[in-house]
Amino acid sequence: MIPLRARGGHGTLRAFATSLSASMTQPTPYERLGGEQKVRELVERFYDLMDTEPEFLAIRGLHQPDMARAREKLFLFLSGWLGGPQLYVQKHGHPMLRARHLPFPIGESERDQWVACMARAMQEVGVEEGLRERLAQAFFRTADFMRNRAG
């Protein structure tokens with residue numbers, strides 16, 4: 001066992017304890033969003049927009065005609081991703097996002113459509129601005145990781 005002083009002393013331990021304490025008292029994005037009901041509302045609005053708005057046609061084309069299964073999976077995934085219950089993991093195991101998206105041609109255009117659709121859905125369901133901005137950045141990073149083709 002390495003003594004605490006060798007790893008940075010009491011200041012490091014104190015900083016860690018302060019950080020841990022703060023993270024335990026801060027609400028998760030899931031809680032800030034409004035929990036299960038609001039996550040469900042966000043997912044429903046996201047797929048409704050995808051299903052009806054011409055600017056999201058390319059990403060709509062990557063989905064089955066009936067998107068009920070996609071809606072449910074995104075709800076389950078986002079619940080855990082946002083810091084709520086790990087519903088997706090409990091039901092389907094590890095998300096393996098990249099592997100699950102490899103069969104679909106995802107480039108910058110599809111990434112940007114997905115992010116724009118989610119940003120609009122967040123705005124329309126009333127996600128507060130600060131949280132919406134943080135989530136938009138995180139969604140962009142995640143969507144960018146899904147890219148599997150140029151352009």
Side-chain angles (χ1 to χ4, degrees), residues 7-8 12 15-151:
R7 301 189 95 210
T12 302
F16 173 73
T18 301
S19 172
L20 181 61
S21 176
S23 68
M24 292 175 70
T25 61
Q26 296 292 322
T28 64
Y30 180 84
E31 293 165 332
R32 286 184 61 196
L33 192 62
E36 179 181 350
Q37 181 179 345
K38 197 66 164 191
V39 173
R40 177 90 54 197
E41 182 183 353
L42 176 61
V43 168
E44 291 302 316
R45 187 65 193 138
F46 172 78
Y47 279 109
D48 288 349
L49 288 167
M50 187 190 298
D51 211 21
T52 59
E53 298 299 320
E55 65 262 36
F56 307 127
L57 188 60
I59 58 171
R60 175 59 181 100
L62 298 175
H63 292 79
Q64 298 291 323
D66 179 1
M67 291 195 295
R69 192 164 174 223
R71 288 173 188 257
E72 183 63 14
K73 283 188 169 186
L74 184 59
F75 164 74
L76 296 173
F77 173 76
L78 285 182
S79 292
W81 188 78
L82 291 165
Q86 295 292 318
L87 303 174
Y88 188 94
V89 172
Q90 291 168 6
K91 189 167 187 174
H92 300 287
H94 190 283
M96 300 183 300
L97 285 181
R98 185 143 169 83
R100 292 183 198 270
H101 287 82
L102 279 175
F104 308 101
I106 301 171
E108 290 176 3
S109 175
E110 292 79 11
R111 173 204 62 201
D112 292 348
Q113 281 187 36
W114 194 97
V115 170
C117 188
M118 183 55 78
R120 188 161 154 197
M122 286 192 295
Q123 184 173 14
E124 290 187 11
V125 302
V127 176
E128 61 104 343
E129 186 177 353
L131 179 58
R132 192 170 68 234
E133 290 171 2
R134 282 186 50 220
L135 290 177
Q137 292 171 5
F139 282 132
F140 179 86
R141 287 189 302 273
T142 303
D144 192 54
F145 182 66
M146 296 302 110
R147 287 189 309 124
N148 55 28
R149 69 175 178 87

Side chain to side chain, [X] and [Y], heavy atoms closer than 4.5 Å:
X: Phe75; Y: Glu44; value: no
X: Ile59; Y: Phe56; value: yes
X: Met118; Y: Leu74; value: yes
X: Pro29; Y: Trp81; value: no
X: Leu76; Y: Lys91; value: yes
X: Phe77; Y: Leu97; value: yes
X: Ile106; Y: Gln113; value: no

I'd like to know whether Leu49 forms a side-chain contact (heavy atoms from CB on, under 4.5 Å) with Glu124, so could you lay out the CA-CA distance, the side-chain angles of the two residues, the decisive distance to 0.1 Å, and finally the verdict. CA-CA 10 Å; Leu49 288 167; Glu124 290 187 11; 4.0 Å; yes
Run the numbers on Arg149 and Glu110 for salt bridge (Lys or Arg N to Asp or Glu O under 4.0 Å), then give the verdict. CA-CA 10 Å; Arg149 69 175 178 87; Glu110 292 79 11; 2.5 Å; yes
Return the minimal non-hydrogen interatomic distance between Leu33 and Val39, and the atom names on each side.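 Of all heavy-atom pairs spanning Leu33 and Val39, the closest is CD2-CG2, 3.6 Å.
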If you look at every heavy atom in Val115 and Ala143, which pair is closest and at what distance?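 Nearest heavy atoms, Val115 then Ala143: CG2-CB, 3.8 Å.
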If you round to the nearest 0.5 Å, how far is CD of Glu31 from CD of Gln26?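 Taking CD in Gln26 and CD in Glu31, the distance rounds to 10.5 Å.
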Look up atom CD in Glu36 and atom CD in Glu41, then write down how far apart they are to the nearest 0.5 Å.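 With rounding to 0.5 Å, CD (Glu36) is 12.5 Å from CD (Glu41).
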Does the Lys73 side chain pair with the main chain of Tyr88, one donor and one acceptor, at a distance under 3.5 Å?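 Absent.
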Is a side-chain donor or acceptor of Gln86 paired with a backbone partner of Gly80 at a separation under 3.5 angstrom?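 Pair found, side chain donor or acceptor close to backbone of Gly80.
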Taking 4.0 angstrom as the limit, do [X] and [Y] come out as a salt bridge?
X: Arg71; Y: Asp48; value: yes
X: Glu128; Y: Arg132; value: no
X: Arg141; Y: Asp144; value: no
X: Glu72; Y: Arg40; value: yes
X: Glu53; Y: Arg60; value: no

Name the residue from Leu42, Leu78, Leu82 that meets the side chain to side chain contact (heavy atoms under 4.5 Å, CB included) definition with Leu135.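 Result: among Leu42, Leu78, Leu82, Leu82 is the only option passing the side chain to side chain contact (heavy atoms under 4.5 Å, CB included) with Leu135.
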So, applying side chain to side chain contact (heavy atoms under 4.5 Å, CB included) with Cys117, which one of Arg45, Met122, Met50, Glu55 is it?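 Per the side chain to side chain contact (heavy atoms under 4.5 Å, CB included) rule, the option paired with Cys117 is Met50, out of Arg45, Met122, Met50, Glu55.
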Is the number of heavy atoms from other residues, nucleotides or ligands within 6.0 Å of CZ (Arg134) greater than 12?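 Not more than 12 within 6.0 Å, no.
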Does Tyr47 have any ring-ring contact (aromatic ring centres under 6.0 Å, His included) partners at least two apart in sequence or in another chain, and if so, which?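 Scan of Tyr47 (ring-ring contact (aromatic ring centres under 6.0 Å, His included), adjacent residues dropped) gives His63.
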Pi-cation contact, Phe140 with Arg111 (under 6.0 Å, within 45°):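 No, Arg111 does not sit over the ring of Phe140.
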What about the rings of Phe139 and Trp114, do their centers lie closer together than 6.0 Å?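 Ring centres of Trp114 and Phe139 closer than 6.0 Å.
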